[in-house]
Amino acid sequence: MLKRRFIVLLLAILFPCVLWACVNPARSLSGVSPDSVDTVQTIEAITTQSAPSDTLTIAAVGDIMLGTDFPNRSSLPPKDDPDVLLASVAPYLQAADIAFGNLEGAFLDGGHPAKSCRDMSRCYLFRMPTRYAPALKRAGFDLLSMANNHVGDFGEPARKKTRQLLDSLGIRNAGLIVHPTDTLTVRGVKIGFCAFAPNSGTCALNDYDLLRRTVKKLKETNDIVIASCHMGAEGASHTHVTKQRELFLGENRGNVYEIARILIDAGADLVLGHGPHVTRAIDLYKERLIVYSMGNFCTYGHFSLSGVSGIAPLLQIRLLPDGRFIDGRVIATKQIAPGGTLLDPTNRVIKEMQKLIQTDLPETQILLSDDGQITVKTE
């Protein structure tokens, strides 16, 4: 009798734990406690609009930096576990046909900085341990941009190692001069991918002839072309699309409005922007979606996450097989210093995007509802 009571008691304890892991796959990804992540939104939200079989679903996010061991290990995530940073959003990435992000940095064990800093405590150089790279695959990423201002922090050895790691994981990547484009096929749809930035070793953002040639060549052999751009001035005071050339610390960060249209005129079907570390408005041009900046999505240490710098969208985008935009949704996320992505039940980033669309692009055909639905205005 005593043994039977023990078994019943053990099942009573274990059953809720097993059930939680089954209905909350993000938790089982890295063993995160249910109380340690925001659980207000669930994976069920993804299926509120079931995608027809002839559409392509894309999850798109901004800057990703999973922690750096330079100049010391204090900027690595708790328990040396990068999975915990993405646990709450991994189901949304995994549910998409393609999940895209901007890899804001490189993977390398050891090595020396390619840049010099007078004050090491304020030195923004990112070196992610190579053992962290598989966390991106486990979270669901298929496509990453390497075109940004931090991919070269530790020089060519880091760029080379990062490419090798991503290739070994089956994560497509582009944006370096030595590897400007990549391709993949999803459910019979051929997709070309290119990425640009105004930084050394990357495909030049402000070379308009290069932009046109790259996209046109990809379009010749692919159904859809996705173009990623690290563009626009940085910081909380640079949330607006100015429709003019933007400078940051003397660097030409491009005219984001003009660049997006050049890419689409050349044949791009989706333009995904990042770089300002804040979220900006979204737009539509020739039935193609433009995302001007997706902010800080998943970072740890060395990033300002106060105010608008701590909120970001996870975009769910639906395209026709010819690249035309159907509709989409903004899943609101937030980060609290030192970092790691959480779902945001207050939808702050949706409210911010609504304000920016109205202020910066009142002429756009895009509509963004209070619950994050992205639709096209009807005449």
Side-chain angles (χ1 to χ4, degrees), residues 49-62 93 95-102 141-145 147 172-175 180-196 203 205 208 210-229 231 256-274 280-294 313-330 357 361 364-368 373-379:
Q49 288 186 326
S50 57
S53 59
D54 63 342
T55 65
L56 192 72
T57 61
I58 298 171
V61 301
L93 302 171
D97 292 320
I98 300 171
F100 163 87
N102 170 55
F141 284 103
D142 308 287
L143 203 61
L144 291 173
S145 170
R172 302 294 204 275
N173 56 91
T181 65
D182 213 330
T183 60
L184 68 162
T185 301
V186 178
R187 292 197 287 111
V189 179
K190 294 181 179 179
I191 297 140
F193 174 53
C194 53
F196 306 92
C203 300
L205 175 73
Y208 289 180
L210 175 65
L211 268 59
R212 293 185 182 100
R213 290 196 309 271
T214 303
V215 169
K216 287 179 180 178
K217 185 174 181 180
L218 280 174
K219 196 66 174 179
E220 289 174 359
T221 54
N222 292 279
D223 303 306
I224 290 176
V225 173
I226 299 173
S228 163
C229 297
M231 58 185 181
V256 303
Y257 186 86
E258 184 176 63
I259 287 169
R261 279 154 174 75
I262 285 172
L263 289 165
I264 291 174
D265 284 339
D269 300 292
L270 177 62
V271 177
L272 299 173
H274 40 82
R280 291 188 175 188
I282 54 178
D283 199 1
L284 197 71
Y285 176 65
K286 293 186 176 180
E287 300 183 89
R288 270 64 183 175
L289 186 69
I290 301 168
V291 184
Y292 289 107
S293 178
M294 294 177 282
L314 188 162
L315 289 161
Q316 296 175 320
I317 301 164
R318 293 201 305 162
L319 304 180
L320 288 169
D322 63 2
R324 284 177 293 160
F325 175 71
I326 303 172
D327 57 21
R329 186 169 183 226
V330 175
I357 291 169
L361 305 165
T364 188
Q365 293 178 286
I366 285 291
L367 289 173
L368 177 60
Q373 299 298 325
I374 307 169
T375 54
V376 181
K377 293 178 183 177
T378 56
E379 296 298 335

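This chain uses plain numbering: 1 for the first residue, then up along the sequence. All values reported here derive from a predicted model rather than from experimental measurement.
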Just by modelled atom types, is the [Y] backbone N or O under 3.5 Å from a matching donor or acceptor in the [X] side chain?
X	Y	value
Arg187	Asp54	no
Asp142	Ala99	yes
Asn222	Ile224	no
Asp269	Val225	yes
Asp182	Arg172	no

Of the non-hydrogen atoms in [X] and [Y], which two are nearest, and what is the gap between them?
X	Y	value
Pro180	Cys203	CB-SG, 3.5 Å
Leu361	Ala281	CD1-CB, 3.8 Å
Met231	Tyr292	CE-O, 4.3 Å
Asp322	Lys219	O-NZ, 4.4 Å
Cys194	Leu218	CB-CD1, 3.8 Å
Pro313	Val330	CB-CG1, 3.7 Å

Task: Cation-aromatic face contact Arg212/Tyr208, 6.0 Å, 45 degrees - done: no

Open item on the list: Can you tell me how far apart CG (Asp327) and OG1 (Thr375) are? Round to the nearest 0.5 Å.
Closed with: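 Between atom CG of Asp327 and atom OG1 of Thr375 there are 8.0 Å.
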
Open item on the list: Can you tell me how far apart CG (Leu211) and CG (Leu263) are? Round to the nearest 0.5 Å.
Closed with: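 Separation between the atoms: 4.5 Å.
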
Open item on the list: Could you check whether Asp265 pairs with Lys286 (Lys NZ or Arg NE/NH1/NH2 to Asp/Glu carboxylate O, under 4.0 Å)?
Closed with: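 Salt bridge present between Asp265 and Lys286.
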
Open item on the list: Taking the basic N atoms (NZ, or NE/NH1/NH2) and the acidic carboxylate oxygens, is any pair closer than 4.0 Å for Asp223 and Lys190?
Closed with: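 Looking at Asp223 and Lys190, the cut-off is not met.
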
[X] vs [Y] side-chain heavy atoms within contact, under 4.5 Å:
X	Y	result
Ile374	Leu315	yes
Ile326	Leu319	no
Leu289	Val271	no
Phe193	Ser145	yes
Leu144	Phe100	no
Leu56	Arg318	no
Ile317	Leu270	yes
Thr185	Val189	no

Task: Between Thr57 and Asp97: side-chain donor-acceptor atoms closer than 3.5 Å - done: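 On atom types as modelled, these side chains qualify, holding a pair under 3.5 Å.
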
Open item on the list: Is a donor from one side chain sitting under 3.5 angstrom from an acceptor on the other, for Tyr285 and Gln365?
Closed with: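 Short answer, no.
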
- [ ] Assess whether side-chain hydrogen bond (donor to acceptor under 3.5 Å, both in side chains) is satisfied between Asp283 and Thr364, documenting all intermediate values.
- [x] CA-CA 6 Å; Asp283 199 1; Thr364 188; 2.8 Å; yes

